[in-house]
Every structure is written in structure tokens, then in C-alpha cells.
Undergrad: 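Mind looking over this structure? Questions follow.
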Amino acid sequence: MLNYIGRRLLQLIPVLLGMTFIVFLIIRAIPGDPAQVILGQQATEAAVQALRESLGLDNPWYVQYVHYLGDLLRGDLGTSMRTREAISSEIWPYLAATIELAFCAMVLAIIIGVNAGIISAWFQNSWFDYTAMVLALIGVSMPIFWLGLMFQWGFSIQLDWLPTSGREDARNPVEPITHLYLIDTLVQGRFDQFVEVLKHLILPALALATIPMAIIARMTRSSMLEVMRSDYIRTARAKGQKTFLVVYKHALKNAIIPVLTVIGLQTGLLLGGAILTETIFSWPGVGRYIYDAIGFRDYPVIQAGILIIAFLFILINLIVDILYSFVDKRIKYN
Amino acid sequence: GGSDDKSSGDNKDNNSSGDGGGTLIFGRGGDSVSLDPITVTDGESFAVTQNIFETLIRFGEQDTTLQPGLAKEWKVSDDGLTYTFTLQEGVKFHDGTDFNADAVVKNFERWMNGNAEKFPYYQSMFGGFKGEKSAVIKDVKADGASTVIITLNDPQAPFLKNLAMSPFGIASPTAFEKEGDKFGDNPVGTGPFKFVSWKRNDSVTVEKNADYWKEGLPKMDQVVFKSIPDNSARLNALKTGEIDLATGISPSDSASIEADKNLQLIERPSLNVGYLGMTVTRKPFDDKRVRQAVNYAIDKEALVNAFYEGKADIASNPMPPAVSGFNEEISAYPYDPEKAKKLLKEAGYDGKEIELWAMPVPRPYMPDGQKIAEAIQKNLEDVGMKSKIVTYEWATYLEKAAKGEADAFLLGWTGDNGDADNFLYTLLDESNIGSNNYTYFKNSETHKLLLEAQKETDEEKRNELYKKAQEIFHDEAPWVPLAYSTPLLAGKSTIKNFHPHPTGSDIFDTIEVN
Amino acid sequence: MKKELLNVIELETTFFTDDGPVKAVDGVSFSLYEGEILGVVGESGCGKSVTSLSIMGLIPSPPGKITGGEIMYKEQDLTTFSQKAMRKIRGKDIAMIFQEPMTSLNPLFTIGNQLTEAISIHHKDWPKKQIRARAIEMMTLVGLPRAEELFKDYPHQLSGGMRQRVMIAMALVCDPNILIADEPTTALDVTIQAQILALMKDLNRRLNTAVMMITHDLGVVAETCERVVVMYGGKIVEEGLVDEIFKSPQHPYTQGLIQSIPDMRYKKQRLYAIPGNVPKPGSVVQGCRFAARCEFAFERCTIEEPELYVVSPQHKSRCFLSEEGMRNERAVIES
Amino acid sequence: MATEQTLTEVKTNEAGPWRDAWRSFKKSKISLIGAGIVLLFIILAILAPLIAPQGINEQNLTERLQPPSADHWFGTDDFGRDIFSRVLYGARISLWVGFFSVIGSIVVGSLLGILAGYYGRWVDTIISRIFDIMLAFPSILLAISIVAVLGPSLQNALIAIAIVNIPNFGRLIRSKVLSIKQEEYITSAKAIGMKDTRILFRHILPNSMAPVIVQGTLAIATAIIEAAALGFLGLGAQAPTPEWGKMLADARVYLVNAPWTMIFPGIAIMLTVLGFNLMGDGLLDALDPKMKN
Amino acid sequence: MSEPLLKVEGLKKYFPIQAGLITHTVGQVKAVDDVSFDVYEGETLGIVGESGCGKSTTGRMLMRLLEPTAGRITFSGREISELSNKELRAVRRDIQMVFQDPYASLNPRHTIGKILEEPLIVHGIGNAKERKARVLSLLNTVGLSDFHAKRYPHQFSGGQRQRVGIARALMTNPKLVIADEPVSALDVSVQAQVLNLMQDLQRDFKLTYIFIAHDLGVVRHISNRVGVMYLGHIVELAGSESLYEEPLHPYTQALLAAVPIPDPDFKREAELIKGDIPSPSNPPSGCTFHTRCPFKMDICTQQEPIFKEVKPGHSVACHLYNDAHHNDIKQSN
Ligand SMILES: Nc1ncnc2c1ncn2[C@@H]1O[C@H](COP(=O)(O)OP(=O)(O)OP(=O)(O)O)[C@@H](O)[C@H]1O
Ligand SMILES: Nc1ncnc2c1ncn2[C@@H]1O[C@H](COP(=O)(O)OP(=O)(O)OP(=O)(O)O)[C@@H](O)[C@H]1O
Ligand SMILES: [Mg+2]
Ligand SMILES: [Mg+2]
């Protein structure tokens, strides 16, 4: 087990290295002079040149890359060109916002998706199955940025049930500790704020959850159907086991394995897709952070942001792989 | 972040206390970059620092006239090289440090010993840093506790206006000496509000400075600067009551706001101009007649009505009327497609398709570059000029335009300090080719006029020089000036005494919410 | 005469597929007696598994459905039982083991878990200890060594033979009256098959469980069963005591089948081969299903469907040649 | 004999693997609906100039933001342009982007996949690693980065989407090649003395096509959404192109006052994507039932 | 006796087992371990054994579909293991193979006609017309009709598919046909048809067969000589009469005893053997059968028995028949 994790971590090294290189290349290839951007429209040429030098932008790219790698190894993600803050120290609140959003979305997607999939498979060809699967197909086909706007239009503007944007009620701001507001408010015993935070989470999380939810539901269903046809399910039924237990004990555990992969993949995609949701709901997350940084040519921030998301993505998939081995003892990692 | 947490916690009150007080949630388009004003150049940062810091001289409530700030009064020597400021007394910084001449000198010393990267605005407004030849300020000295003397190397006509700009807010020396580079996270000034906390990309919270030196101000207990990047999301938040006041209202929404009795539309006096620039070094715009033809071809009125929703005036000059020196005698080219066609024919325009660059980001002077470009495209097509709309990401856009790569491009300018020089010289003088003179326009006459005006301290004479220059610009037509827009804000109808400032950085000392 | 445990009467099971309904089992009737081992033999697709799954009420539905007949057990018709009632029967009264020991055990649960589950379903009141003891007792009974250790193992850690033993243990753990074994040894190697067959015979004798042994291997039938039912195309074509069926098979299909197997004990010069192919299930045929491949077919065979004629008290055959009056004729044809 | 023979031939000709796939595809109502939707949009796209009541760029500033009416079925936008016409033309753009970006990824992906799968060893290691790295980035993020480099335009969005999808197809083909290499009919082809290249092109590739077609159809759906997302973020099509995502971005401001400017392009995206998804699902069942999981 | 058509000496195939932090070989599956036998023209050599004993691996190595780890394979006097790819393809004209799963071994996207024609195209035999004629003639030979050429594999029954598989193997007029469990997947009644067909073809085309199967009855029926494999070794090889009547190796005896006989009167005499087949990745020391052998002696656990002829035409690898094993030990020391 440890051996396996160790091996997977070792295997990550070339991928991570490749990732840093690709990110670095892409960022360098973006046209535009960050120095000019930092100083703005009214800056003089001399000032721009001076800034360029002091940022090391006039070094050849490989020198910049080596410096960059060296810094990364020291845990230094660089300094934002715009705010002049160390990215490693300023990124957490953004990341926390995204993580909180993504986590809630994923929890929603998993709970609803998996159960809808199970029930659809259990009552195959029933009206529930048809409805759920049609909804799932529509869900997969949904442009979430549009869906998000429609939610906003419907639930915030027309019905005025839920807030349109942000993470908290600005009149009653959360005192951040971990920057995961659900946790922070609970720790401080501020249930009024907790409810506010939840209210702010609902729409973006729902929008973000739509696609993974649909995909998970479909995957669970087909995986369940496959498993339900298998011999050991027949065995369980031949023992006289209750259908509920056959489904939720015997079948689910087997069917969940491919679903786990999908969950892992979708979590990563969701982190990327958050950029759209964050735009629509003014969510101060890492997606916006990167997107804004692109606008400002804030190289170090773009690099660090993309790298961190990609790293999280890899990490999640690693965790999923490890989860497998807990679910399925057959998977021998040696 | 701020360690001062008495604001959070138990104040669940809303802002309905009769005599002001309460919290104002101000929704805006972006987050601050830093809260140390001298280090930044962006309006969103200034919007906050304006309320925490004060400058020696401040602008008028809604114009760019010079008013006493932290300096009660000032004198200029005849040669224009020595400025003597008398400071307000009894003012304290938020951290308790006394505000006095010493503090002012320390601020100037901090700035003068910096560099272009750290303090970009100091460089661009005052020419350079200590010891540099181009530096405007020679030195700054305290004369007693409440007098400061600033000596210049060369006279600078807009010097006082420059000093009134937000970056030159006076900070507590104790604090910036202690915090160093982190001062931007923990700003301490003398302003009406004290810094409380900053949630990146989300909100900055400031609270009432109870010891503010202006009696009875500020009215609000707390102001939250909330960033909601998306215009429509911001408006939605206003409508649902999540915020009280919103900037960056798109003109297209003005009608619906005016119709809503819970909301009011607030206009910010204009200090900007939006224009279509034509790069005079590129065909076909190297021919004056073609440029004039384009001026005739564009239906500015329709544009202003459609995309500024009437919240703008048709522009006739490269600077807005609020700036002294504006030439009222010049009127904009009328919409005359026939004339345009004729001029094009005269010029022998070959029908070559041009690239029409559209701004990728909204700015007050250009609420929707894409759409305006589309409309212009149509206008040009009507007179036989084919164009292709091109856009780049904002930074690239500016950079490429500065390199003279655009045929025709949309752009605009918001004045920094309300001086004509800041428009005409910056945008159209040959010495700014490659930076802000994107049209590459070059004219020996205007060059002479503008340089002369920089040295001229007599207001009348100076204005004459600028008016003359504007005539030449009108005739040479490197631009199609499109509009002087009044940027819009919207707020709850309960908001009172809010006077948005043309520079875009508002001080919330007088604002009240009932 | 032994007591009749199970009586299947005119069972008809249909699959409603996209290509129309397929009658996989078409009017099958037979009885299973106490303590006996009944062989059900036939080539693939003839409906053996569907018959057994019908008895268990485990026909995958949709698309399958019992469309006719009765399955009488303890004077009740199982086809009328609800799923809930059926669950009480399954495992406790009628147990089943399957062809693929590799896939019939849930790969994600330990052997112990699956065995004890089988017990606790029907003995909810038993304490954990008792359940465990019973499971281990059963494992020992089916010849699984180191039962205690195996208890914690996962199926993939066991060999095919051991897994089939686990399956048998699981089936017998609640003392069922009937054990349906659907090709329990087909996937196993010969040496292992011999062990499992021996085990089943032994258990049948010791526990007096009636076994319905489904197989396509006549060798297995000859070795283990007392009575046998031969199926072809969803129907029973011949039924009788093993001795009789092997010595004097009545139906041409049974005859062909027996002759077409190479015998290991001596060398046949040339095998008898039934011409043609096993019919596609669901193909509608007029008359006798086997007529197209039958050497002895005559006109009547293609028009009219023969019934199960009684040849001797325990021996029936679905062939006109077995009809009372035809016996003599048959002798003529055969000679 | 001749006549009987030809009769049987005619009948048996109907039964190739593709025919079978078509038959089972036809059987599924859902996939037919999907194909119907796709076909409808294709027809609309082709006939857009004929059907559209107005040109895509016919501005009429006096008729801005009109709600749906008999004249303007979907209402008008802020230029007074007919949204229905623009949505119709938008179909051209979305289908074009979807189709060609996927073709691009299939071509490049297949090439790399075949190289990796067939030659194995270090070729495989390098190509697979590159795929791993690319897949480690959430696709929309990668696409945004690529567009940031190339500059925002429809064409660059198409290229970015194509690049982002390459590893998906590459991996698919690679795994297909690897698994088909193990199939017994490949062994039997080797056993009759067939050359490797012939095996690759006559046996392995044709048998890998089914999943590529399925994946391709589904990828078109994703590509359409991704293109719209980029357009929405201002990184794809530029004004006045009536690209759906771009139309949504332009219409956001009118969410409250003129919701129809948002609703119709959104529905158009959803329907087209749904069509391709349904069709892909049907194809999956018809062409490659084994691939389902 | 004449020269053998195929001579196999010391054939081995070890599959590496890979694992570890940085993948490396941690062990081997000894799928085939030192197998030697001859095949004579016109005969059928049967190979039996339980699953995983290495039958298929052996068959595949004979055609070099798998590269042997060691050993020599000589076909018609040519060393197959040393041929270049080009020469090898030519040899594959003379050696053909029939596979166990008749469905999996036919490309589902090709018609039967195309499948059958392909060997001819590959070897450049005949022009289009001649090829077509040959396809039709062979179709008829294996009992199918002309119109079947236009059909696809999935439209056939298992037996018919296996006929196609056989027809394909015969397209190039091979000398040797290796049939790997050609009837295991078939129904009993159809199995007899295919066995008969194979016998007829052998007679008509003067074929030599290597017939791999696990059904002892089938092997006896079709083979002249039979080799019994256990865990990668051939433990006994003899004429089928001799092998079935007087099996020498305890494993052969156990195997024969385990086969159910379709005769209710038959009474089993021999004891059943106990235990499972060990894993080929970790075979027992000495004689690999010793874990299950009722006659196990001390030497069996230590020393591998030598495969040798103990009676004319009857070879066995068992210490029971090795009087000279003491000498052998001395020699090896
Ligand atoms: N789920 C199903 N859907 C449709 N048809 C089915 C299904 N299950 C079985 N059948 C049909 O019923 C027929 C009888 O199947 P059954 O499994 O009983 O055969 P069998 O005699 O057990 O064969 P085998 O020896 O291959 O196990 C099959 O040929 C098949 O066509
Ligand atoms: N490619 C391979 N890699 C690793 N091990 C293999 C490979 N092919 C076969 N083996 C192993 O070699 C051993 C012999 O396999 P082989 O297929 O020759 O057996 P067989 O006698 O044909 O069995 P069966 O009767 O099941 O077909 C088995 O244990 C198998 O697991
Ligand atoms: Mg069966
Ligand atoms: Mg094999």
C-alpha cells in the first residue's frame, strides 16, 4: 500500500515537471508585456524598461525557467506582479473559496447523482428511470454558464430567494479563520452566518454540480446495470437477500469503482469549470484569480494558479486510485 | 489581514438608524491591488485609499479645482520653484501618530527614494526620483511643526493638481516604517475611515474614524467595498439589496434603474473622452481627407444614444469640457455620409479593407467597445469602407496599438488630474509616440504650442495655447472624438449626499443612508 | 416411491426481446423427488438455466417472464409468489449454485462475510457466534481446509475449485431441501471436476438434499445422477432413469447425443454426428423441433408436435416413434 | 442457381457490421431523436441564408431589445438585430467549430495514438506522458491558456479546443490498438503470415473506428459547449459574429430587461449539444456496446 | 522411422512478472519449461492438460507467434527460431493454426470471403479470379455454401465459424496444422461434426495435426500419439493406445480417472487426486506434480525427473520409472 502510494508519487514527478514546463511555455508565449501592464497606460517607456529588468523579464527564457523551478522547489510560487505579494501567502483565500464551492458541488453531485443512478438501474425502464436519464442527458448538455445565469434570473431576481453573488452577506461578514466559511462560521458558532454562507453557496454549487451530477448518474446507472447482471448478484439474490441490500450492499460496492474514476475526473474538471461559475456568481475563487491574472499579465499568478489546479487534479485522482484499493482488495499494487 | 475585529460579531444591524450611521455596501468592478496608494496605479485601489488617506491638497467636491486638504494653505514663489504649505493642526493618524510637517517630509522622502517599479505614479507625475535629472521635486523640508517647503528643479504648471492626486495620500510614518512592504495590507492614514479588513478579490471593509478632524464626518459607521466584477451581476446585487451603491452601471441599464422607485441613478461628472483613433502612419489614414471622411461617416449621435443611452455628450475635442482650456467654438463633424464618400473619392481611397480594433474591456468612456465597433463598422460600410473588427486581450491591445499596428482603434482617456496637458500633450504630442500617442500623430505646430503651455503659469494664456492646438487637431483629424461620457452609478433611493467625483475616486465622508 | 418435492408443470418462460418474444422454456414438466439427484442435460441454449432460474424466481425481468405453468413446492405454486415470499424460499428451501465459481462470488466481500450473510438472512435471531460457527462447520464439511483463515480471504485469493466449494457451502448452509446446481463443474478442470462431483454426491447422501444437476456433459450425468431429463430447444424430449436412458435411448436426439461423444476408453473409428445446428432459441418450428436434424423424420414430424409418450413407467420420450403403436415400426426403421 | 444466388446476395449484403449498427441505432428512439435534432440544426445551418428573416448584421437601432413577436420570433438584441436570424447563423458557427475541432483532434490524436500503441516502448512512454500531462490540466483551463497565447478569435478557440481534445483521442486509439493487438483475429492474421503494416491498416485501424466515431460524436457536443464558453468569456468568436456563447455574453447585461436575448441562444446551445449527446449514446450502443464502461 | 516434420527441443517460455517502485522483473511464469517432442508427417499429435499448463503457449511458439525463451524448433529441416521475419512469413504458409474461439479469431468487420482470401493475398498466391475460385472450393470442402462467402462472422453458428477457421487454415495448402482447442467451444453434437471434418481433411489433404485439447476423450479419438502436459512440462508422451490403456505417469493416471464416463455401468477404480494445480509462477521444486502425487518419494521434492523413453514409443518424466536416477545424480555432481 505505502509502496504503491510511493510509486504513484514517484510517477508524478515527470508529469509535474512536464506540467511546470508546459505552463511556463504557455505563459511566456502569451503576447503582451507585463511591465507595461503593471505600470498602465500612462507609464513612460523608461519606467517600463526598468521594471522589466527588475522582474527578470529580459533574461532568456531558459534562465527564467530554471529560476522558476528553483523557486518552486523551495515552495516559492513567486510573487504577484500586481500586488507584489508572495503568491503562496495570498492564494489560500481564493483557493479556499474554490475548494468550498467545488466540494459542495461535488457532494451535491455525488449524493444526487449516485442515488439517481442506483434507483434508475434498480427500476430500469420505469418512469423514474426515464425521467432521471432524460434529465441527466439534458444536464450533460447544459452550458453551465447559461444555466447559472438562468438560476440567477429565476431564483435571485424573479423570486428573490437566494443572493445573486458573493460568498457572504457583506453586512454580516464572516471573520475568516480557515477561509472555508462553512467551517469558520461553525467554529465561531455563528449559525446566522452559516445559513447565509449556505444560501450563497446553493446556486453556484448547483450550477457547478449539474454536469458532474448528470455524468455520475449515468455512469452509476450503467455500471449498476452491468453489475446487476453479474453472477454474484444472482448469487446474493439466490440466498434470499433483500433487494435493497442486494442493490446497496452487493451491487453498489462493485459498481462504484468506475464511478469513482468519474468522480475523480469530474472533480478536476469542476475545478477548471469553476472559472465560469465564479465569473457569473462573482465568487472570489482561484478561477477568477487566474482569469484576472491573465488580463493583467501577472505571469507568476497564472503559472501558480494553473499549476495548483492541475496539481489538485492529480492529487484527487491519486486519492481516488488509493480509494480503489480500499474498495477492491483485488487490485494489487505490487 | 486586519486584526481589529470589533466590527464583526454582534452588529447585525442594518443601516436604518435615522441620523446616518450603519453600513454602506459599495459594489464595484474589481478588487484593489494594494491599499498603499503610492504603489498602485489603478482606480479600484484609489477608490479605497481615498477614504483612508488624505492628500495635502484635495480636489473640489465634484470638480478638479484645488481645495485645502491636509494643507490649510499654500504659496508659490514667483519663479514657480518653491511651494510653501501650511498644515492642518491637531490631526492624528489612525494609529495615533501625530500628523505634522515631519510626517509629510517622511512621506516625501519615502517616495523620492523609491523607484519606478515601487512608486510608478511618482515617476510619471514628478518626472523621476531623488538625484535623477528628470526629477521635478528637488527637495522637501519641514519648517517648524506645521510648515512644509517643497523646492522644484523646474517649474511644473500642473504641480499642485498632481499633488492632489490620490497616490500622494499622506501615510502614517510609524506604520509604513514598521510594516515596510506589508503596508499595503495594513494602511494607516488620516482619512475619514479606518482600515478594518481585506478579503482578497471580495471585499475591503473600512470603519468610521471616530477622531476624524472634520467635525461630524463621516456619517457612515462602516463602508464595505465589495468587488463584483460583472456589471450585470453587480446591478442584480443592487436590486436584491445585497449592496447599496454600485459603480460601473452600464448605460443600457439606466432606464430600468430610473424606473425602479427603490433605486436612483447617479451621474459622475465626466472627465474623459472616448475616441476612434486612426494611425496616421498607416494607409489609408495617412491622408487627412480619409480621416476627415471617417469623421463625417460616423453617426455619433446614434452611437451616443444607443450605447451610452444618452448618458454622454457628443465629443468635439480631444478633451472634455470640464477641463479648462476647452475650445467651445469647435463643433463636432456632422454626420454626412455623402461628404464622406466625396472625400474618400478625392483621396483616391482604394476600397482596401481596414482593421477596426475594438476594445475588449468596458471602460467608462467606452461602455462596450465591441458594440460601438459594430456600429461604426456599419457606418463605414455605408460610405464604402470595409472593415474587419479585431480585438485583442486588453494588455495586448494597448501594446500593439502603441506599436502603431492598428489601422483604426477605439480607445479613450480619463484625466488623472483634470489638466489639459494631461489630455492634449499626453495623447497627441509627438514625444508620446510609442506610448500614449497611439495614432502616431505628429505636428510641429501643436508640439510647439503644447510645450509652451507646460511652462506657462498664467491660466489665461495657457488656455489660449490649448485652444489653438485643438483647432489644429480638429482639422488634422487624427481622431474621431466620440463621446464625453458621464459614468453612471446607481444606489438605493435612500442614499443622500453622495457626490461622485469626476476622477472616479469618491470620498464617502458625507454620504448617508436613511 | 420417494416423496415428490418439486413439481414443475407445463412451465413456459418467455423473453420479450427487441426481436420479438423468445420462448426459452416451452412447456416443461418434471418432478424432483426427495434425496435424488436429477440430471438435466442438453446443449447450450436449450433452456436449462432458464428453467432453473424460473424455479428460483430469478428470471431477469425485464425482459424475461414466466408466461405459463406452475411450479409446485410444498403444495404451493411458486409462480404466484411475491418477490418477498420468494426470498423466504430462496436459500432456505431451494438453494442454487452456478456455473462460474469465478464470478459467482462477490469480489469485494470476504468469504466469511458472504457465508454468514447467507445464514443471517434466514436466521435473523441467531447470535453472531452461532452464525460464524455454522459457517465454519459448513466450510469444513465441503472440504475447505483452514476454514478459519479462509474466512478472512477474498474470493480472488482462492482457486476455482475452492470457490466452487465455497459456493456449495453457501448453498447448503441453511439446510435447503433442494439444491439446483447449474453446470457446477463446467468451468473447472477435470481433476477438480471429479472432486466437486464426488463432494456433491457425498453431500447428497449425507444431507439428503435433492439435487437438480444441470449439465451438458453426459458423462457427468452417468456418474452422478439417478434420473435424467433431456432438453432440446426449450422442451423436454426424453426423461427417465439414467440406466435406461443410456442403455435404450428412445429419442433420436438422445441417441445421437450419446453416440456423438468420443469415449475415452476405446477408439471409435468415426463419430456419429447429428447433422445441422442447434436451433436458434425462439425460432418457431412447426411439428417436432428436432425433425430438421433427425434421421428418422417422416412427414408427420414436420406437421404435428409429438407429446411425451410413456415408454416405460419411469421413461418418457417426445417422439412419434415412441408412441404406443409406433414401436414396431420403429424397430423396422432401425434395423 | 443464378437467381437464387443473387437473391441471397442481396439479402446478405444488408448485413455488414455497419448495417447492423445502423439497424440497432434505428431501433433506439432516443438516438433517433438525437440524430433528428442534429440533422435539423445542420439543415438550419445550411439553409440559414434562405430561412433567416434578416441578415445577421442588419442593425436597426430604433428596434432595440424588442420582445419576441411575429416579426421577430426570438425578439431583437441591443442593435435591433433579429435574434432568430442570428441564432440560425450561430448554428453554422457552432457546428463548424464542433466538427472541425474534433476532426483536428481525431487526426492528430489518432496519429499519436497509433504510434504509441503500435510501436510501444519509448515512443509510447513519451507520447503517453505528454497525454498525461495535458490531461492533468482541466480542459477549459488549458483551452483558455492556449487562447491567451494565440489571441481571442473563433479560429483560435477552435484550435485550442482541438488541442485540448487530442489526448482523449490519442489515448482511446492507443488503448484500442493495444487491446485489438491482443485479439485472436490479429494473432490469426499473424499466423497466416501477414505483415505488420497490413495488420495495422486492414485489421487494427478499421476495428478502432467505432469507438472513435462514438467518442467523436460526443466530443463534438463538448467542443460546442467549450467554444461557447470561450465565446462567453470573450476569448472565442468576436463581434459581430453571431456565435452563441458570444451572443450570451453580449446579452448578459439584459438578463433582467430582455431575458429573451439570453434564453434563445442558450437553448440553441443546449439543444444542439443534447442532439449530439443523444446521437453519441445511440452510436455507443449500436457500434460498440462493449465500450460502455 | 523417417525424419520428423517438426522437431521441438528444449522449448521454454518464461513470462516475466513485473512489479516494484520502478518496474522491474520480480519473477517468472514458467508457462512452458523444457518441452521436447517430434511430429511426424501425416500423424496427429494430441496435447492434453488442464488449464494453464502451457498448451496454447507451446502451440503459439511453434509458429513463433510468441518468441521462445529458449529451445529449438525445426520444421522440415529449417530452424524456425532463427528465421528472419520475411522467411518466417514464408514458413507460415506451411504451418497454419486453428483457434479455440472461432468467433474471436475472425475479424468481425470482414466477410467470410475476404477472411478466406486474405492468406492468399498475403502470400501472393493466384490472381483475383483464381483466389475466388479457391475460396469457394474450400468453402464447399468444409461443408459451407458459396453464398456464405458474402456473410459476416456473426451471422454464423459456432460450428460454422469453426469450419471457416479450418478453411482459412487450409487456404495456403499447409503441411502442418496446429489446432488449439478447436472444439472446446462447440456443442457436443456439433463437436462431432467438426472432428469428423478434421479427420476427413487430414486424409484428403495429407495433413499433419498438432491437436491441443483438454478433453481426453476427444484427444484419444483424433490422435495417433498424445502428450500430457502439467505445469509447463510434458510428463508423458506415447501412442494414444498405449497412453490410455497403460498410463505410466501418476498424473496421467489421475487425469484419466477423473474423466466422467458416459456409461452408468462404469465403475471408477482409481482414487481421485487431491488438491489444486499450483501456480506456474511459483512451481513446486523437483517434480512439479509431487504436491498432488499419491506415490510421492523423497527424491520427487528435490530433483526434477528426466523425460525419457521407458518403453518403445512411450516416454515419461517420473522418478518411479527412473531406475538409473541414482546414476544421474552422480553425473550431475
Ligand atoms: N436475459 C435473456 N434475454 C433474452 N433471452 C434470454 C435471456 N436469458 C436466456 N435467454 C434465452 O433463453 C435461451 C435458453 O437459455 P439458457 O440459459 O436456459 O440455456 P442453457 O440451456 O442454460 O444453455 P448453456 O448450456 O449455454 O448454459 C437462450 O438461448 C437465450 O436465447
Ligand atoms: N502473455 C502472457 N503473459 C504472462 N503469462 C502468460 C501469458 N500467456 C500465458 N501466460 C501464462 O502461462 C501459463 C500457460 O498459459 P497457456 O495459455 O499456454 O495455458 P493453456 O494450457 O493453453 O491453458 P487453457 O487450457 O486455459 O487454454 C498460464 O499460467 C498463463 O497464465
Ligand atoms: Mg446455462
Ligand atoms: Mg489455451
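Note that this is a predicted model, so its numbers are computed, not measured. Chain identifiers are assigned alphabetically (A, B, ...) following the order of the sequence lines, protein sequences preceding nucleic acid strands; residue numbering begins at 1 within each chain.
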Undergrad: Checking heavy atoms, do the side chain of C:Asn113, its backbone, both or neither come under 4.5 Å from chain A?
TA: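 The side chain, not the backbone.
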
Undergrad: Do you know the tightest heavy-atom contact between C:Leu108 and A:Lys253?
TA: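 It is CD1-O, 3.2 Å.
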
Undergrad: Just verifying a value: how many Å separate C:Ser120 OG and A:Lys239 NZ, rounded to the nearest 0.5 Å?
TA: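 Spacing of OG (C:Ser120) from NZ (A:Lys239) equals 8.5 Å.
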
Undergrad: Is it the case that atom NZ in C:Lys65 sees more than 12 heavy atoms from other parts of the structure closer than 6.0 Å?
TA: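 For C:Lys65, atom NZ is not crowded (no more than 12 foreign heavy atoms under 6.0 Å).
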
Undergrad: Does the pair C:Gln114 and A:Tyr232 meet the rule for a side-chain contact (heavy atoms from CB on, under 4.5 Å), with working shown?
TA: CA-CA 10 Å; C:Gln114 298 187 56; A:Tyr232 52 83; 5.5 Å; no

Undergrad: If we ignore hydrogens and angles and just use 3.5 Å, is the side chain of C:Asn106 paired with the main-chain N or O of A:His250 as donor and acceptor?
TA: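 Such a contact is found between C:Asn106 side chain and A:His250 backbone.
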
Undergrad: Drop me the distance from C:Ile97's CD1 to A:Asp231's CG, to the nearest 0.5 angstrom.
TA: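 Answer rounded to 0.5 Å: 13.0 Å.
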
Undergrad: Heavy-atom pairs under 4.5 Å with chain C are the metric here; pick the option from A:Lys242, A:Met228, A:Gln124, A:Arg229 that has the most.
TA: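 Between A:Lys242, A:Met228, A:Gln124, A:Arg229, the count favours A:Lys242.
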
Undergrad: For the CZ atom on A:Phe103, are there more than 12 heavy atoms of other groups (residues, nucleotides or ligands in this structure) within a distance under 6.0 Å?
TA: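 Check fails, neighbour count at 12 or below.
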
Undergrad: Is it the side chain or the backbone of C:Ile89 that comes within 4.5 Å of chain A heavy atoms, both, or neither?
TA: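 For C:Ile89, no heavy atom lies under 4.5 Å from chain A.
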
Undergrad: Could you look at C:Met167 and say if it's the side chain, the backbone, both or neither that has a heavy atom under 4.5 Å from chain A?
TA: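 For C:Met167, the side chain is the part near chain A, not the backbone.
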
Undergrad: When heavy-atom pairs shorter than 4.5 Å are enumerated against chain A, which of C:Thr103, C:Thr110, C:Ile180, C:Ile119 gives the highest number?
TA: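 Among C:Thr103, C:Thr110, C:Ile180, C:Ile119, the one with the most close pairs to chain A is C:Thr103.
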
Undergrad: Please indicate whether A:Phe311 has more than 12 foreign heavy atoms, meaning atoms of other residues, nucleotides or ligands, lying under 6.0 Å from its CZ.
TA: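 Count not over threshold, so no.
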
Undergrad: I need the minimum non-hydrogen distance between A:Arg237 and C:Arg90, along with the two atoms involved.
TA: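 It is O-CD, 3.0 Å.
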
Undergrad: With rounding to the nearest 0.5 Å, note down the distance linking OG1 in A:Thr235 to CE in C:Met96.
TA: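 So the OG1 of A:Thr235 and the CE of C:Met96 are separated by 9.0 Å.
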
Undergrad: Do A:Thr243 and C:Lys84 come close enough that some side-chain heavy atom pair is under 4.5 Å?
TA: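 Contact flag for A:Thr243/C:Lys84 side chains = no.
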
Undergrad: Is any side-chain heavy atom of C:Met56 closer than 4.5 Å to a side-chain heavy atom of A:Arg234?
TA: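 In short, these two side chains do not touch, never coming nearer than 4.5 Å.
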
Undergrad: Indicate the atoms forming the closest heavy-atom contact of A:Gly240 with C:Ile121, along with that distance.
TA: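 What the structure gives for the nearest pair is O-CG2, 3.3 Å.
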
Undergrad: Could you tell me the separation between the CD atom of C:Glu117 and the CG atom of A:Leu245, rounded to the nearest 0.5 Å?
TA: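 Here the interatomic distance stands at 7.5 Å.
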
